[in-house]
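Throughout, protein chains are lettered first and strands after them, A, B, ... in sequence-line order, and every chain is numbered starting at 1.
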Amino acid sequence: MTDTEKPLNFIQKIIEEDIASGKTTQVQTRFPPEPNGYLHIGHAKSICLNFGLAKKYGGQCNLRFDDTNPEKEDVEYVESIKNDVKWLGFEWADQVKFSSSYFDQLYDWAVYLIKEGKAYVCDLTQEETREYRGNLTEAGKNSPFRERSVEENLDLFERMRDGEFEDGARSLRVKIDMAHGNMQMRDPIIYRIKNIEHHQTGDKWHIYPSYDYAHGQGDAIEGVTHSVCTLEFAEHQPLYNWFIDNLPVPSKPRQYEFSRLNVNYLVTSKRKLKQLVDENVVNGWDDPRMPTISGMRRRGYTAQSIRNFIESTGVTRVDGVVDMSQLEFSVREDLNENSPRAMCILRPLKVTLWNVPEENSTEYLVAPNHPQREDMGTRTLIFDREIYIDKEDFQEEGNKKFKRLVIGKRVRLRNAYVIEADEAIKDSNGEIIEVKARIIEGTLGNNPEDGIKPKGVIHWVSAIQNVDCEVRLYDRLFNDIAPDAGGKDYMESLNPDSLEVLTGCKGEVSLQSPRTDIPYQFEREGYYFLDADSDYDQDLENQRLVFNRTIGLRDTWDK
RNA sequence: UGGGACGUCGCCAAGUGGUAAGGCUCUGGGUUUUGAUCUCAGCAUUCGUAGGUUCGAACCCUACCGUCCCAGCCA
């Protein structure tokens, strides 16, 4: 374990202190998403933190759906969230949990609070409630229903439960302090009437508990020791503790807040991501340009690289914005080490090697799947008299910086021969459509005998035998470094060129039955992952291969 | 004169009274059949600002400045 040298983050320190003092014997955490959307990179941090803490300290982490508001929720999201958490590499303790499975207990505890004189049914409308609450600088005033008798409250609350009232007609509030400096403590509402079905409990309930009321109690029921959430819940902590202190809960969880993950050039807000999907700016939640877990997965980001990235950003209470380059580094780092190499020509330019005999020109060459890892084996390359190179790798007249193919100059074909260009053939528009070149004999694995070394190395593919494919190049979705900062309209900084589709790309034959578990490195180009739109199990004639560019190679050319 | 939190290199981030870790980015050198990887080197006399305490302060005290969060019957 390399993390022995790594400094502990503040939550780990707290846990270690709790273990040392005996306050905690078994660490229990939870990841509590509301099933109302897809998970994104921000959730990944919470997942890595909560599951990571449990793992590090030999405890367990629950996956709990905080489904207290049926209006916005759906089972579709429950399934996608389970899938994303698993894909990220984490396992939750026993069954998936639902806040909704605690509704009976929560109801009983609400009755308990009423009997204790600590909760009351309030008939104020939503608007009146807001007026009575006061504002940031002025104290609120007590609801006229605050002093109802226990009996009346009990009766009303039971009738609320039984569906006797309209949505919003009444609410159950907890009696704390309408003048409290913390707005959360001004008699917060803990039950609201919603005559609506719930995706887990059906039509059983007409009232639903609020987040504040359900969350801490859910933690207590599950024996959560350290309830870790993001900073915006910090002002809810006194309320969280109030419930724990005033209810006969089975355990005493504690809440700790950390700052959420922000990455520049990205937008992570369910509402905003949803808008991108709804307005067809992207092709669904799993569009490879989306910062969703499913989008990143489809793009080719590995779970390991996402975990590494999260780990690299740390856990603090400081509001910050992480550089996109830090994410990209983690992706490249993992992919460089683990991706098999292949050659694929994105913008084909035919090169005829005229000194290769026309008859039986096909030659089989062997290339390693990874330059630094022998354990990854080798693959067979097909070399022919006619090959394709990338248009960008040829210039009639080069310059000192251009280390590629130039008329009269030499270049090494990756894993093959050194060639020298003789002539560029153009069409009527003056566009180069073919290059005549020749191989330098004896250069397979050796430098030319005449001592004239090639300037560079370029990739290539047989023009006779190759695999046709489509390649989708992705760029950032937004051109603005902080698309939605300060209330800016993120839709205005959309990058019109975030997707470029290339067809007629030519890949080497090893791509015939491509790997689906990890991106390839198309040498000298970047990392490319097979997209779900591909159709390659059919006959070769009709197969369709689509590759997403996960990320380009680091490029220090021109510097 | 609402309440709360936070301010260490361009970006993350250690450090909690003994004289500024690390990663990313960036810059320059080397290796290289990927302009990749790898590798070597450089990059904060200074810790939001100003005072104070101390032999000694990023760490303690005071004041100020700045940023973020809270007025959903959302989470």
(message) Taking 4.0 Å as the cut-off, does a side-chain nitrogen or oxygen of A/K13 come that near to OP1 or OP2 on B/A14?
(response) no
Under 3.5 Å, which protein N or O atoms sit close to an N or O of nucleotides 22-24 of chain B? Give each pair with its distance.
residue: B/G23; atom: N2; partner: A/Q326; partner atom: OE1; Å: 3.2
residue: B/C24; atom: O2'; partner: A/S325; partner atom: OG; Å: 3.1

Return the set of residues passing side-chain hydrogen bond (donor to acceptor under 3.5 Å, both in side chains) with [X] (not counting sequence neighbours), or none when no residue passes.
X	result
A/N135	A/T137
A/S510	A/E508
A/R254	none
A/Q275	A/E279, A/Y490

(message) Do A/D187 and A/R133 have side chains that approach each other closer than 4.5 Å (heavy atoms only, starting at C-beta)?
(response) no
(request) Using the C1' atoms only, state how far B/U31 lies from B/U8, rounded to an integer number of Å. (result) 37 Å
(message) Going by ring-ring contact (aromatic ring centres under 6.0 Å, His included), name the pairs with one or both residues in residues 177-197 of chain A, residues two or more places apart or in two chains.
(response) A/F157-A/Y191, A/Y191-A/Y213
(request) Let me have a per-nucleotide readout for nucleotides 67-75 of chain B, 5' to 3', with B, S or -, counting only protein heavy atoms under 4.0 Å. (result) -SBBBSBBB
(request) Can you sort out the partners of A/P348 under side chain to side chain contact (heavy atoms under 4.5 Å, CB included), two or more places apart, ordered by chain and number? (result) A/I345, A/Y388, A/K506
(request) Apply side chain to side chain contact (heavy atoms under 4.5 Å, CB included) to A/E235 and list each qualifying residue two or more places apart in sequence or on a separate chain. (result) A/N182, A/Q184
